Each structure stands twice: as C-alpha cells, then as structure tokens.
Amino acid sequence: MASAPHISRLRPGWARPEHPVYRLEQRRRVASGALRALQHGCLPSLLAAAGLAAVAAIVLAAPQQIMWSLESSMSGTLSTVLVLMVLIQLVGGAASNILMVAQASPLISGEVELQSWGLLRSTTLTVREIVLAKYAATLAHLGSALIGLTALRLASATTALLWLAYTLLRGTFYFDRAGWLRMIERRLWVGPVIAGVICLAWYVTQPAVQHLLNGALGMLASSFAPSRARAVAAALAARLAGWAGSIVVNGGLIFGLSFLILANWAEPQYAPIRAFRTLPPPSDLEVSLVVSGTVAVYVLAVFATQVGLMLLALRLAQRRARRLGG
Amino acid sequence: MAGDAAQAAVRGGWRGWSRRRWQRALRLGCLPVAVLGGLLVTGLANAATAAPPPPWAYYDPRSHLIRGHLAVSAGTLAVLQMLATWLMGLLAAVQAGRAVPGQAVRLGPRLKVVRRQLRNAVWAVVALRLMLLAVALLGGVLVFTRWLGQPVTVEGATRIQRAFEARPVLMLLPAGLVAAQLLAGPFLRLRTSAALGTLGAALAGQAERRAWAAAATRLGAGLALALALIWGAAGSVLLLIVSYDPFYSARYAGLPTMYPLLPDYISRVLTASLVVGALAGINLLGQIALPPLYAWLAGRVLRQRGRGARSPV
C-alpha cells in the first residue's frame with residue numbers, strides 16, 4: 001500500500017520492521033501456519049459473526065409489527081442488533097485478550113528457557129529496546145483482531161445512540177413536553193452530553209487499551225517466570241484475577257456512588273443516611289451536573305488506571321529483564 | 001509409474017484423491033447436493049414439525065396444516081439459500097483474491113476464470129431460490145385461487161388482494177423486481193464478490209495476506225450494507241415520526257398516507273410493497289454498477305504498486 005511507509009515512519013524505532021528484534025519475532029510467527037491463520041483470520045471471523053448477526057436481526061426482528069408500528073419495529077431491530085453485537089464483542093474481546101496474554105507471555109521466558117537471552121543481551125541493543133520490540137511485534141501480530149473489535153465497537157456505539165434517541169424521543173419525553181422544554185431552557189442536557197461523549201470515547205478505545213494492557217501483563221509474567229509454561233499459566237491467572245477484581249471493585253464503587261449520590265444527596269428528604277436529611281434538596285441543574293461529572297470523572301479514572309497499570313507492568317518487566325541471566 | 005499411481009488411487013478410493021481432484025468434485029457436485037440437500041432438509045423440517053391441528057383450529061384444520069407446512073418449507077429454504085449465497089460470495093472473494101497478481105496485469109481474464117470456476121455454485125444457489133419461489137407460488141395458488149380446493153385462510157391475504165385490485169401495477173412491479181433479484185441475484189453477487197475480493201487482495205499487498213484480505217473485504221462490505229440498511233431505515237423513520245408527531249396529542253391523526261383516497265390498510269400494503277420494490281431495485285442497480293468500479297480501483301492500486309516497484313528510488 002502506498003501509505004504504509006508513511007505510517008511506518010510514525011512508529012518508534014523499536015516498532016519498525018527494520019529493527020532486528022522486531023523482525024526476528026515477526027519471522028518466528030510467519031513460520032507457523034497456525035499463527036499465520038490466527039494473525040489474518042481474526043478480522044474475517046469477527047466480521048462474519050457480526051454480518052450474520054445483523055442479517056438475522058433484519059430478518060427476524062424488523063418484520064415484527066412493521067405494518068402497524070414503525071417505531072416499535074425499528075426500536076426492536078436496533079436493540080436486537082445492539083445485544084448481538086455486544087455479545088460478539090464480549091466473546092471476541094475475551095478471546096483476543098486471552099490470545100494476547102498467551103502470545104506475549106513466552107517472549108522473554110522462552111529466551112531464558114532456551115538460554116538465548118544472554119546472547120540477545122550481548123548485542124548493542126538496550127534491554128528497553130529488546131523488551132519493547134518484542135512487545136510491539138506481538139501487538140502487531142494480533143492487529144487484525146484489534147481492527148475488528150474497534151469496528152464492532154464503533155458500529156454498536158452508533159446503534160446504541162440511535163436506540164437511545166428512540167427511547168428518549170418516543171418514550172421518556174413523548175408524554176412529557178414540559179420536561180423536554182425544561183431540559184432545553186435550563187441547559188440540563190449539557191452535563192449528560194459531555195459525560196456521554198467521554199463514555200463513548202472510553203467505550204470505543206477499550207479494545208486498544210485492553211490490547212496494550214494484556215500485552216504488558218504477558219510481558220510482566222514473561223520476565224518473572226523461569227519457563228514458557230509457567231509464564232503462560234501465571235499471565236492467564238493474572239488476567240483472570242484482573243477480570244474478577246475489576247468486576248468486584250467497579251461493582252462496589254458504582255453501587256456505593258449511586259447510593260450516596262442518587263439515593264441520599266439527590267433526595268435528602270428520603271435519604272437512608274440521616275446526615276443527608278439536614279441538607280437542602282439540590283436543584284435539577286445541580287443533580288444533572290453532579291451525576292454527569294461523577295460519571296465522567298469515574299470513566300476518566302478507570303482509563304487512567306488502565307494506562308497506569310500498563311506502563312507500570314512494562315517498566316517492571318524491563319527492570320526484571322535487566323537482572324535476568326541465561 | 002503412471003499406472004502405479006492410478007492403481008494406488010483406485011485402491012485408496014477417495015482417500016487417495018488429490019486436493020485438486022477434491023476441488024473439482026466439489027465444484028461439480030454442489031448443484032445436485034444443493035437440490036437433494038434442499039429437498040431433504042425441507043422434508044425433514046416438515047416431518048419434525050408435523051403435528052395434528054390443535055383444538056382451537058377446529059373450524060378449519062386443513063388451512064392450519066397447509067399454513068404450517070408452507071411456513072416451515074419457506075423458512076427452511078430461505079435460510080438455506082441465504083447461507084448458500086453467503087458462502088458462495090465468500091468463496092468467490094477468496095478465489096478472486098488468490099488470483100490477484102503482485103503487479104499490474106489485466107484483471108478481467110482472471111475474474112472471468114474465477115466466475116467460470118464457481119458457475120455450478122451459482123446454479124446451486126439459483127436452484128435453492130427456485131425452490132423457494134415454487135413454495136411461494138404454491139402458497140399464492142392455495143390462498144388466492146380455488147384450483148387446489150377451498151382457498152386457505154391466511155391473515156392479511158384479503159388486504160393484499162384488495163391492494164392488488166386497487167393498484168395492480170404497484171403490486172406487480174415490486175413483485176417483479178423481487179423475483180428478478182431472487183433469480184439474477186446469485187450471478188450479480190458472484191460478480192460483486194469477485195470484484196470486492198480483487199480490491200481487498202490488491203490493497204493487502206503481500207501474497208500470503210491476499211486471500212484473508214479478500215475475505216475480510218467481502219465480509220466487511222456485507223456488514224456495512226446490513227448496518228447501512230438498519231441505520232438508514234431507523235434514522236429515516238425517527239425523523240419522519242418526530243417531525244409529524246413530536247409529542248403526544250389527542251388530535252394526532254397519524255402519518256400522512258401516500259394514497260389518501262384508499263382505505264388505510266390498503267395504503268399501508270401499497271407503501272410496504274413500494275418500499276420493498278425500491279430496495280430490491282437499488283440493490284440490483286448497485287450490484288450491476290459497483291463491480292466494474294471495484295475492479296478498476298483494484299487495477300489502479302496494482303498499477304501504482306508496479307510503478308513503485310520499477311522506480312529506481
């Protein structure tokens with residue numbers, strides 16, 4: 001492709017095909033038929049699943065009530081497509097995460113096990129370059145899965161926005177004209193729109209963030225484990241623990257914040273916590289801004305934590321790799 | 001030597017077949033497999049769902065049974081032909097992707113070879129679609145005529161009959177377009193898929209990535225089309241209903257009808273018929289007009305790459 005050299009120039013030196021370690025890792029993968037199929041087959045598989053799901057939604061959901069209630073038919077079709085796409089993303093994303101961890105975890109431990117790490121260290125390349133070049137080659141190897149998952153996220157985000165428009169315009173505000181006018185006049189929409197844009201950006205960038213984070217996790221396990229098998233087992237265990245931990249922590253935080261803000265602060269007269277009952281009730285604008293602000297800050301904090309964990313894992317992997325022999 | 005190989009092939013049976021021989025057998029066998037498989041699966045589906053009419057259908061058990069069998073047959077054949085069309089398109093794209101050379105040559109002859117290789121697969125899809133059309137025609141005869149006994153009662157049949165009596169051209173024209181799409185669709189899809197595969201493979205560059213890129217392009221185009229249909233329909237309907245009926249009003253009389261002089265239910269049937277016909281027409285036009293564009297784009301990419309390869313820089 002004509003644009004490929006321009007894109008290649010934007011990458012750091014260790015992530016270019018000219019880099020010896022990057023090229024070595026790429027060649028290792030090209031030699032295996034299974035890895036080649038994995039490299040190129042992720043995108044067609046995701047597109048096939050999503051395409052069949054979209055056609056199934058058109059055939060099964062759209063004809064229902066289309067002659068008598070166009071809005072019910074369209075809203076039903078949108079929600080069916082949304083559910084199917086989210087399910088495909090969950091399955092595809094989990095598979096891609098596991099593959100990423102499994103691909104990254106033998107990178108350093110494999111060299112140590114085969115006693116070639118010392119040989120690699122005897123070159124003029126720095127540890128940072130070696131680790132990052134291996135990391136970049138693994139990220140590039142599963143690039144087609146990343147493209148497919150991001151495309152699905154964009155498609156499901158657009159579908160979700162259309163479905164939300166139906167829900168708001170034909171459900172929430174259809175019977176409440178005064179509520180709609182109040183929302184416009186008092187600018188109650190500003191906070192939710194800003195929070196919505198931040199949530200949408202977070203949702204669409206998640207495949208890329210997870211891709212980078214899982215690769216870094218695999219590298220970390222790879223630098224600490226003495227063999228490939230142990231590295232893969234440790235990285236997968238860490239990944240599973242990370243999923244479980246994030247579900248528990250996020251669930252707890254979301255429940256706690258909702259309880260404090262929505263059940264207590266927003267309606268102090270019915271607050272379960274007594275301390276809130278003495279507070280004056282907030283205005284609609286205050287509720288809108290505080291709830292939207294909390295959602296936006298929470299999502300940004302999650303994003304910062306993910307990026308921070310990724311950088312920390314890479315830094316620790318480099319530090320550990322400096323001390324390795326073999 | 002040749003005699004030994006032939007003897008080994010005879011002794012080994014189909015297990016001794018080469019990959020090329022398998023491909024040839026599949027190419028030749030797909031038409032009978034589609035016809036026999038279609039009949040077998042439809043027969044099995046009907047046998048599996050056969051049941052005596054329930055007590056609440058006592059007033060017309062014959063209609064109930066015929067309706068059920070027609071629905072099962074049409075549904076089974078619709079799913080089978082859809083899967084066969086999808087698979088045929090994917091195969092065409094992958095084969096066209098494999099046929100793309102590294103540098104600029106005339107793509108037309110190569111695409112012709114790919115289309116010729118998949119000719120039997122296209123006829124297999126057409127056979128399945130003809131079976132579906134036959135079921136639909138049989139349903140029409142059973143519901144709207146007395147040729148095969150008392151007409152079968154179906155909800156909505158009277159509305160369709162009234163709409164046909166009111167505006168026969170507006171019902172026949174879309175039906176003709178849908179029939180044309182049904183029968184000519186596989187041939188057009190083969191052309192479109194092969195051209196899309198060529199474009200994907202040309203963009204991919206490296207030889208080992210071409211078949212995968214061709215498949216991804218075909219599947220991506222299918223997904224984009226399905227999503228464009230869903231989003232376009234949902235967005236247009238939302239704009240229409242919000243502009244005519246933004247908030248609840250007791251005086252709201254409904255969306256303006258295209259045929260104000262006809263009863264509401266006939267108007268709805270005619271509008272639906274027109275929309276279906278328009279979609280079939282647009283799809284046909286797209287499938288006719290786009291393949292040359294894709295092939296031209298693929299040729300342009302390959303020519304540019306050829307110039308780049310020859311450049312001394």
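Here the structure is a predicted model, which means the values were calculated and not measured.
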Would you say that more than 12 heavy atoms from the other residues, nucleotides or ligands in this model lie under 6.0 Å from the [atom1] of [X], or not?
| X | atom1 | result |
| --- | --- | --- |
| A:Arg36 | CZ | yes |
| A:Arg187 | CZ | no |
| A:Arg28 | CZ | yes |

How close do [X] and [Y] get, counting heavy atoms only, and between which atoms?
| X | Y | value |
| --- | --- | --- |
| B:Leu223 | A:Ala54 | CD1-CB, 4.4 Å |
| B:Ala226 | A:Val55 | CB-CG2, 4.4 Å |
| A:Ala155 | B:Leu227 | CB-CD1, 3.6 Å |
| A:Pro44 | B:Leu219 | O-CD1, 3.2 Å |

Let me know if [X] has heavy atoms under 4.5 Å from chain B in its side chain, its backbone, both or neither.
| X | result |
| --- | --- |
| A:Leu46 | neither |
| A:Trp180 | side chain |
| A:Ala62 | neither |

Exercise. Would you tell me whether A:Thr159 and B:Trp231 have side-chain atoms, one donor and one acceptor, within less than 3.5 Å of each other?
Key: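 Present: a donor and an acceptor within the cut-off.
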Between [atom1] of [X] and [atom2] of [Y], what distance do you get to the nearest 0.5 Å?
| X | Y | atom1 | atom2 | answer |
| --- | --- | --- | --- | --- |
| A:Gln39 | B:Glu208 | CD | CD | 8.0 Å |
| B:Ile230 | A:Leu82 | CD1 | CG | 11.0 Å |
| B:Arg210 | A:His40 | CZ | NE2 | 12.0 Å |
| B:Trp212 | A:Cys42 | CH2 | SG | 9.0 Å |

Quiz item: Which answer fits B:Val79, side chain, backbone, both or neither, if we ask what part of it has an atom under 4.5 Å from a heavy atom of chain A?
Solution: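 Neither the backbone nor the side chain of B:Val79 comes within 4.5 Å of chain A.
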Quiz prompt | Most contacts with chain B, counted as non-hydrogen pairs under 4.5 angstrom, among A:Leu162, A:Asp176, A:Leu43 | solution =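 Top count of heavy-atom pairs under 4.5 Å with chain B: A:Leu162.
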Exercise. Look at A:Tyr166, A:Phe175, A:Trp163, A:Phe173 and state which one has the largest set of heavy-atom pairs under 4.5 Å with chain B.
Key: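 That would be A:Tyr166.
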Self-check item: Residues of residues 232-246 of chain B within contact distance of chain A, non-hydrogen under 4.5 Å
Solution: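 Against chain A, the residues of residues 232-246 of chain B that fall inside the cut-off (heavy atoms, under 4.5 Å) are B:Ala233, B:Ala234, B:Gly235, B:Val237, B:Leu238, B:Ile241, B:Val242, B:Asp245, B:Pro246.
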Quiz item: Can you say whether the rings of A:Tyr174 and B:Tyr248 are parallel (under 30°), tilted (30 to 60°) or perpendicular (over 60°)?
Solution: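 It falls in the perpendicular class, over 60°.
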Self-check item: Side chain proximity check, A:Val59 to B:Met82, heavy atoms < 4.5 angstrom
Solution: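 Yes, close enough: below the 4.5 Å cut-off.
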